[in-house]
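In what follows, a single structure is set out as structure tokens and then discussed.
We number each residue from 1, following the sequence as shown.
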Amino acid sequence: MKKKTAIAIDGPGGAGKSTLARAIAEKLGYRYVDTGAMYRTIGLYVLRSGADPHSADEVVPLLKKIKIDIDYNAEGAQTMMLNGEDVTGLIRTAEISMYASAVSAIPEVRAFLLDTQRGMAKKHDVIMDGRDIGTVILPDAKVKIFLTAAAEVRAQRRWKELREKGSGQSFEEVLKEINERDAADSGRAVAPLKPAEDAVTLDTTGMDIDQALRAACEIIERKTKK
Ligand code: DC
């Protein structure tokens, strides 16, 4: 079997990783793998169980009761299945963001997802986004992009998105959540959010989606030519 190509996109919440990765996947015919959705699915299970997401003692025993499956529809959109239930539409809330961030700091949770994530990159050409894809999951990825933007800009984008969905959350609340999640994801001991040494940083602060997409495609072309 021909060796597969992997593109890793890491960065903080709200940097536009999924929008960009989805567009690139479509353009290149790669499979888009959203690893944050896997942590969110575990977060949902933990929330429903009433366990403390910060407590390894409470979360780790739950892992053996969790079966996560990832399905793809004809358009390449990812469907998250939790023990046979489609939870794709349930994992995008602010509460689940915080649960996902909390459980993701537990080493056993990361180990639980590692094989699935690596397995997908073995079988398919992938563009995978997350926090530790270039550093831990796929250290040999052909292209590594660290996608970032100023916290205020990320909060503004997220706030607009939430407002369009009918959420009444204030901008200040969204910014506070972004800052809290940045601190938790970057400050944890295991697989913290940081650029891989060989990653190209793309700061989209002053860019719209088309500009960001063009810049990302230039990086990919440059790296895959070598
Ligand atoms: O990308 P996201 O916002 O859907 O991710 C939700 C949380 O999951 C994020 O705050 C940290 C965690 N996460 C992680 O630790 N490692 C990944 N590769 C992806 C997400």
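- I68 and V46 end up in the same hydrophobic cluster when Ile, Leu, Val, Met, Phe, Trp and Tyr side chains are linked at under 4.5 Å.
- Salt-bridge formation is detected for the pair D198/K144: a Lys NZ or Arg NE/NH1/NH2 atom is positioned less than 4.0 Å from an Asp or Glu carboxylate oxygen.
- Contact annotation: the side chain of P12 never approaches that of D185 to less than 4.5 Å [non-hydrogen atoms, C-beta and beyond].
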- Query: So K194 and R131, side-chain contact (heavy atoms from CB on, under 4.5 Å) or not? Walk me through it.
  - Reply: CA-CA 7 Å; K194 64 170 184 202; R131 303 293 186 286; over 6 Å; no
- Task: Could you walk me through whether L90 and I96 pass side-chain contact (heavy atoms from CB on, under 4.5 Å), step by step?
- Result: CA-CA 9 Å; L90 302 176; I96 294 294; over 6 Å; no
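- With hydrogens and angles disregarded, no donor-acceptor distance shorter than 3.5 Å links the side chain of D125 to the backbone of A6.
- For the atom pair L62 CG and F112 CZ, the distance stands at 10.5 Å (nearest 0.5 Å).
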- Report the C-alpha separation of M38 and V33 in whole Å, then their side-chain angles, then the decisive distance to 0.1 Å, and conclude whether the side-chain contact (heavy atoms from CB on, under 4.5 Å) test is met. CA-CA 10 Å; M38 301 180 196; V33 183; 3.7 Å; yes
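- Atom NZ of K160 is separated from atom CG of L162 by 12.5 Å, given to the nearest 0.5 angstrom.
- Side-chain contact check for V126 versus K4: every heavy-atom pair is 4.5 Å or farther apart.
- Within the model, atoms CZ of R118 and CD1 of I133 stand 10.0 Å from one another, a figure rounded to the nearest 0.5 Å.
- Shortest non-hydrogen contact noted between A121 and L138 is CB-CD2, 3.6 Å.
- Between the side chain of Q211 and the main chain of D208, a donor-acceptor pair closer than 3.5 Å is present.
- Interatomic distance, CD1 of I137 versus CG of D140, reported as 12.5 Å (0.5 Å rounding).
- Side chain of T135 to main chain of A196: no donor-acceptor pair is present (N/O by atom type, distance under 3.5 Å, no hydrogens or angles).
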- D10 and D129: side-chain contact (heavy atoms from CB on, under 4.5 Å), yes or no, with the steps? CA-CA 6 Å; D10 290 302; D129 79 3; over 6 Å; no
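- R163 forms a cation-pi arrangement with W159, by the criterion of a distance under 6.0 Å to the ring centre and an angle within 45° of the ring axis.
- Hydrophobic clustering (ILVMFWY, side-chain heavy atoms < 4.5 Å, transitive): L63 and L82 are in one cluster.
- Under a cutoff of 6.0 Å and an axis angle of 45°, R40 and Y99 do not form a cation-pi pair.
- Note that OG of S97 is 8.0 Å distant from CZ of R92, once rounded to the nearest 0.5 Å.
- For K223 (side chain) and K142 (main-chain N/O), no donor-acceptor pair under 3.5 Å exists by modelled atom type.
- Heavy-atom minimum distance, A191 versus V136: CB-CG2, 4.0 Å.
- None of E173, E172, E180 except one satisfies the side chain to side chain donor-acceptor pair (under 3.5 Å) rule with K176; the exception is E180.
- M98 belongs to no multi-residue hydrophobic cluster, having no ILVMFWY side-chain contact under 4.5 Å with any other such residue.
- Pairs engaging residues 68-78 under the salt bridge (charged side-chain N to carboxylate O under 4.0 Å, His left out) rule: K67-D69 [sequence neighbours left out].
- Through direct or indirect side-chain contacts shorter than 4.5 Å among Ile, Leu, Val, Met, Phe, Trp and Tyr, L20 is connected to I7, I9, I24, L28, Y30, Y32, I127, V143, I145, L147, V200, L202, M207, I209, L213, I219, I220.
- The side-chain heavy atoms of M128 and T35, taken from C-beta on, include a pair separated by under 4.5 Å.
- Judged by distance alone, the side chain of Q117 and the main-chain N or O of L114 form no donor-acceptor pair under 3.5 Å.
- Residue pairs meeting the side chain to side chain donor-acceptor pair (under 3.5 Å) criterion with at least one partner in residues 45-57, sequence neighbours excluded, are R48-E85.
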Kindly list each side-chain donor-acceptor pair under 3.5 angstrom involving residues 103-111, sequence neighbours excluded, with atom names and distances?
from	atom 1	to	atom 2	distance (Å)
S104	OG	A100	O	3.4
S104	OG	S101	O	2.8
S104	OG	R188	NH1	2.8
R110	NH1	S104	O	2.8
R110	NH2	Y39	OH	3.2
R110	NH2	D132	OD1	3.3
R110	NH2	D132	OD2	2.9

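- Between R154 and the options T204, T148, D182, a side chain to side chain donor-acceptor pair (under 3.5 Å) holds for only D182.
- Between the T88 side chain and the M80 main chain, a donor and an acceptor come within less than 3.5 Å of each other.
- A distance of 6.5 Å separates OG1 of T19 from CD of E161, quoted to the nearest 0.5 Å.
- Among residues two or more places apart in sequence or in another chain, the side chain to side chain donor-acceptor pair (under 3.5 Å) test is passed with R181 by none.
- Taking both residues in full, the closest heavy atoms of G130 and K17 are given as O-CE, 3.6 Å, listed atom of the first, atom of the second, then distance.
- Annotation for E177 and A94: closest pair OE1-CB, 3.4 Å, computed over non-hydrogen atoms.
- Y72 and V87 fall within a single hydrophobic cluster, where Ile, Leu, Val, Met, Phe, Trp and Tyr side chains are chained together by heavy-atom contacts under 4.5 Å.
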